[in-house]
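Side-chain atoms are counted along with the backbone in the values below, which use heavy atoms only and exclude waters and symmetry mates.
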Amino acid sequence: MSLWFDVARVAHALNVLLLAGLGYVWVRNYLEFRSKHTLGLLLFSVFLLLENAFALYIYMFDGVLAAWFATAVPAIAWQGLMMLPLFEAVGLAFLLWVTWD
């Protein structure tokens, strides 16, 4: 397996954890305030969490796709694909930091 494959898996796992934290805060806020804005943020976190969990499932448990991604995808493509969840993790970490405060 390539380094890029591992970086993408770690980034998606980190995104799942960050989104779970954001979802926790937004569920609490929605139950307290019942605002549409908070509900929108909660739904955003749920759908983004599902997307990252699905990507993580493909990378870790789907043997055919995981093997193809790990061996047949060129390194330049992995560098590009890896940047997306990595940038997402940075953005989610910042969002969690300002939300938790």
Side-chain angles (χ1 to χ4, degrees):
M1 290 197 202
S2 74
L3 172 66
W4 302 117
F5 185 76
D6 292 333
V7 169
R9 288 194 307 183
V10 169
H12 280 293
L14 179 62
N15 289 342
V16 167
L17 293 175
L18 292 169
L19 286 162
L22 284 167
Y24 170 76
V25 171
W26 289 332
V27 163
R28 269 192 352 212
N29 289 347
Y30 179 71
L31 292 175
E32 184 176 344
F33 302 113
R34 303 283 184 191
S35 72
K36 288 195 299 187
H37 182 263
T38 306
L39 180 60
L41 291 170
L42 176 60
L43 288 176
F44 168 78
S45 70
V46 167
F47 286 119
L48 202 54
L49 186 137
L50 289 173
E51 183 265 333
N52 279 280
F54 184 65
L56 196 56
Y57 166 79
I58 288 173
Y59 292 159
M60 295 185 72
F61 300 111
D62 189 312
V64 174
L65 285 176
W68 180 75
F69 279 132
T71 59
V73 176
I76 190 70
W78 263 118
Q79 290 170 5
L81 288 172
M82 181 269 310
M83 295 304 264
L84 297 175
L86 204 56
F87 287 148
E88 184 180 329
V90 171
L92 289 172
F94 183 76
L95 186 59
L96 183 62
W97 176 66
V98 298
T99 300
W100 203 274
D101 190 23

Task: For the student: nearest non-hydrogen atoms of L22 and L96, plus distance - done: CD2-CA, 3.5 Å

TODO: Indicate if L56 and L84 have the same hydrophobic cluster label, given that clusters are the connected sets of ILVMFWY residues with side-chain heavy-atom separations under 4.5 angstrom.
DONE: no

TODO: Give, for atom CG of L86 and atom CD of Q79, the distance between the pair rounded to the nearest 0.5 Å.
DONE: 12.0 Å

Open item on the list: Are F44 and L14 connected into the same hydrophobic cluster when the rule is that any two of I, L, V, M, F, W, Y join if their side-chain heavy atoms are below 4.5 Å apart?
Closed with: yes

- [ ] Could you tell me the separation between the CD atom of E88 and the CG atom of L19, rounded to the nearest 0.5 Å?
- [x] 6.5 Å

- [ ] Check whether Y59 and W68 end up in the same hydrophobic cluster, where Ile, Leu, Val, Met, Phe, Trp and Tyr are linked by side-chain heavy atoms less than 4.5 Å apart.
- [x] yes

Task: With sequence neighbours excluded, residues passing ring pair (Phe, Tyr, Trp, His ring centres under 6.0 Å) with F47 - done: none

Open item on the list: Nearest 0.5 Å, please: how far is CG in L81 from CD1 in I76?
Closed with: 10.5 Å

- [ ] Following the transitive rule for hydrophobic clusters with a side-chain heavy-atom cut-off under 4.5 Å over Ile, Leu, Val, Met, Phe, Trp and Tyr, establish whether L18 and L95 coincide in one cluster.
- [x] yes

Task: Exercise: identify the closest heavy-atom pair between V16 and L49 - done: O-CD1, 3.8 Å

Open item on the list: Looking at every heavy atom in both S35 and T38, which two are closest together, and how far apart are they?
Closed with: OG-OG1, 2.7 Å

TODO: Identify, with sequence neighbours excluded, every residue that meets ring pair (Phe, Tyr, Trp, His ring centres under 6.0 Å) alongside W100.
DONE: none

Task: Contact summary for L65 and D62, nearest pair of heavy atoms - done: N-OD1, 3.2 Å

Task: Student check: side-chain heavy atoms of S45 and L42 closer than 4.5 Å - done: yes

Open item on the list: Can you tell me how the ring of F94 sits relative to the ring of W97, calling it parallel under 30°, perpendicular over 60° and tilted otherwise?
Closed with: tilted

- [ ] Spell out, yes or no, whether F61 and V10 are grouped together once hydrophobic residues are joined by side-chain heavy atoms under 4.5 Å, including indirect joins.
- [x] no

Open item on the list: Counting only heavy atoms from other residues, nucleotides and ligands, does the tally under 6.0 Å from CG of L31 exceed 12?
Closed with: yes

Open item on the list: Both conditions, 6.0 Å and 45 degrees, for the charged tip of R28 above the ring of Y30: are they met here?
Closed with: no

Open item on the list: Within this structure, what is the CE-NE2 distance for the pair M60 and H12, rounded to the nearest 0.5 Å?
Closed with: 12.0 Å

Open item on the list: If we ignore hydrogens and angles and just use 3.5 Å, is the side chain of N15 paired with the main-chain N or O of P85 as donor and acceptor?
Closed with: yes

Open item on the list: Working to the nearest 0.5 angstrom, can you tell me the gap between N29 CG and L41 CG?
Closed with: 9.0 Å

